[in-house]
Amino acid sequence: MIRVSVVGAKGRMGSHVVEAVNGADGMQLALALDAGDDLTAITPENTDVVVEFTVPAVSLTNVLALIAQGVDVVVGTTGWTEEKLDQVRGAIAAGPRPESQKVFIAPNFAISAVLADHFATQAARYFESVEIIEMHHPNKVDAPSGTAIHTAQGIAAARRAAGLGPVPDNTQTDGGSRGQVVDGIHVHAVRLRGLNAHEEVLFGNAGEQLVIRADSFDRGSFMPGVLLAVRKVASDAPAGLTVGLDNFLDL
Ligand SMILES: NC(=O)c1ccc[n+]([C@@H]2O[C@H](COP(=O)([O-])OP(=O)(O)OC[C@H]3O[C@@H](n4cnc5c(N)ncnc54)[C@H](O)[C@@H]3O)[C@@H](O)[C@H]2O)c1
Ligand SMILES: O=C(O)C1=N[C@H](C(=O)O)CCC1
C-alpha cells in the first residue's frame, strides 16, 4: 500500500488528487494539508509519497521542507525556473537521503498535453516559424503556463540542435501583442471563462502549417498521470530530480 499525503488538498487540483488517491488501488490517503497546516506532520513514518499542488509562490519552500523531512515528492505546481530546480538538486544532495531521495515535477500530467509537447519537440526542426498559444481558466495565477514554458524550451532546444536561427519576425512596433518570448519562442496566454487548460503549437513554412493542439476539458484528465507518477516514485523512478511525465511514458 502506497501511503500518499496531499499538500494543497483544498485546492482545485489537490481536492481532485485526494479523491483520486481514495479511489486508487494500492494507495491510501495519509494526510491532507493546506495553507496554515503544519508540514512537519508529514514524515517517512506516515507517508511514502507527497503530492504537492499549491501556488508557485510557496511550492519551492514546501518541496525543500519535505526533502529535509526525508519524504519523496510529486509536484504539479508551476513556476519552476532553472535556479529553483538547482535549489532542489542542492537540497537533495544536502538532505537526509541523498542517494535515494526522489523529487518528480511535471508541468502537465495530462497525457494529451505530454504527447503534444513531445510531438512539438519532434516537429520543431522541420519548420521555420513556430508560436505557442496557451488558453486557461481565468482563475489561473501564472502566465504563461508552466506547460507552455516547457514546450517553448523543448522546441528551442530542438531548433538549436538542428542549427535553425531565430524565427522570422519583422515586427517594428509592439505594445505587447506579440506575447512573451520564452527562449526565443513567442508564447501567447489567453484567459477565458469556460476554458480549463489548452495549448496550441503553430508551426509554419512557406505555403504550409502544422497545428498541434491539446485540450484538458476537466481536471480529471490530470489524475491518471498523477497516479502514474506516485506509483513510479514509490517503485522504480530514478533517485534525484526528474522533470516531465514523458520520462515515465516510454515514448
Ligand atoms: N501539473 C499539472 O498537470 C497541473 C494541472 C493543473 C494545475 N497545475 C498547477 O497546480 C497549481 C495549483 O493549481 P490549482 O488550480 O489547484 O490552484 P488552487 O488555487 O485551486 O489551489 C492551491 C491550493 O494551495 C493551497 N496553499 C497555498 N499556500 C499553501 C501552503 N503554503 N501550504 C499548503 N497549501 C497551500 C491553497 O490554499 C489552495 O487550496 C498551479 O501552479 C497550477 O498551475 C498543474
Ligand atoms: O489550471 C492550471 O493552472 C494549469 N496549470 C498547468 C500549467 O500552468 O501548465 C497545467 C495546466 C493547467
Side-chain angles (χ1 to χ4, degrees), residues 5-20 31-42 50-66 69 71 73-81 84 103-117 120 132-154 180 182 187-201 213-230 233 242-249:
S5 286
V6 180
V7 176
K10 292 182 180 165
R12 287 179 288 268
M13 285 299 290
S15 54
H16 272 79
V17 175
V18 167
E19 197 182 314
L31 297 167
L33 305 184
D34 204 272
D37 293 334
D38 181 8
L39 218 56
T40 62
I42 299 177
V50 178
V51 178
E52 207 270 6
F53 272 101
T54 59
V55 288
V58 307
S59 187
L60 174 66
T61 306
N62 284 348
V63 172
L64 297 183
L66 292 164
Q69 286 157 224
V71 284
V73 196
V74 166
V75 186
T77 313
T78 49
W80 294 92
T81 59
K84 287 183 176 184
V103 176
F104 174 74
I105 301 176
N108 203 308
F109 283 99
I111 191 79
S112 54
V114 177
L115 288 177
D117 188 85
I132 298 171
I133 307 170
E134 58 93 328
M135 295 154 275
H136 284 82
H137 59 91
N139 299 322
K140 184 167 177 57
V141 296
D142 54 323
S145 69
T147 309
I149 292 171
H150 191 255
T151 306
Q153 290 169 338
Q180 180 174 335
V182 177
V187 180
H188 310 268
V190 175
R191 296 292 175 264
L192 205 69
R193 186 69 70 204
L195 295 182
N196 184 36
H198 316 260
E199 181 173 296
E200 263 185 18
V201 186
R213 178 173 173 123
D215 295 282
S216 270
F217 300 112
D218 186 271
R219 291 189 178 82
S221 63
F222 303 114
M223 294 306 120
V226 172
L227 297 181
L228 170 65
V230 168
V233 165
T242 305
V243 179
L245 197 70
D246 51 312
N247 288 288
F248 297 157
L249 292 180

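Whatever order the structure lists them in is the order used to number ligands and atoms, beginning at 1. Heavy atoms only: backbone and side chains are in, while hydrogens, waters and symmetry mates are out.
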Measure from [atom] to every heavy atom in [options] and give the option owning the shortest one.
atom: atom 40 (C) of ligand 1; options: N62, T78, N139; value: T78
atom: atom 29 (C) of ligand 1; options: A57, S15, A35; value: A35
atom: atom 10 (C) of ligand 2; options: A197, A106, S145, P107; value: P107

Closest protein heavy atom to [atom], given as residue, atom name and distance to 0.1 Å:
atom: atom 9 (O) of ligand 2; result: T147 OG1, 2.5 Å
atom: atom 11 (C) of ligand 2; result: H136 NE2, 3.5 Å
atom: atom 7 (C) of ligand 1; result: M13 CG, 3.5 Å
atom: atom 1 (O) of ligand 2; result: H137 NE2, 2.8 Å
atom: atom 5 (N) of ligand 2; result: K140 NZ, 3.0 Å

**Request:** Report yes or no: does A106 have a heavy atom closer than 4.0 Å to ligand 1?
**Result:**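 The answer is yes: ligand 1 sits under 4.0 Å from a heavy atom of A106.
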**Asked** How does V58 reach ligand 1, if at all, at less than 4.0 Å between non-hydrogen atoms: by side chain, backbone, both, or neither?
**Response**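 Contact part for V58 vs ligand 1: side chain (C-beta onward).
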What atoms of ligand 1 come within less than 4.0 Å of a heavy atom belonging to [X]?
X: G8; result: 24 (O), 34 (N)
X: T77; result: 10 (O), 11 (C), 41 (O)
X: V7; result: 33 (C)

**Message:** Run the side-chain hydrogen bond (donor to acceptor under 3.5 Å, both in side chains) test on H198 and D215 for me, step by step, so that the C-alpha distance in whole Å, both residues' side-chain angles and the decisive distance to 0.1 Å come before the verdict.
**Reply:** CA-CA 4 Å; H198 316 260; D215 295 282; 2.7 Å; yes
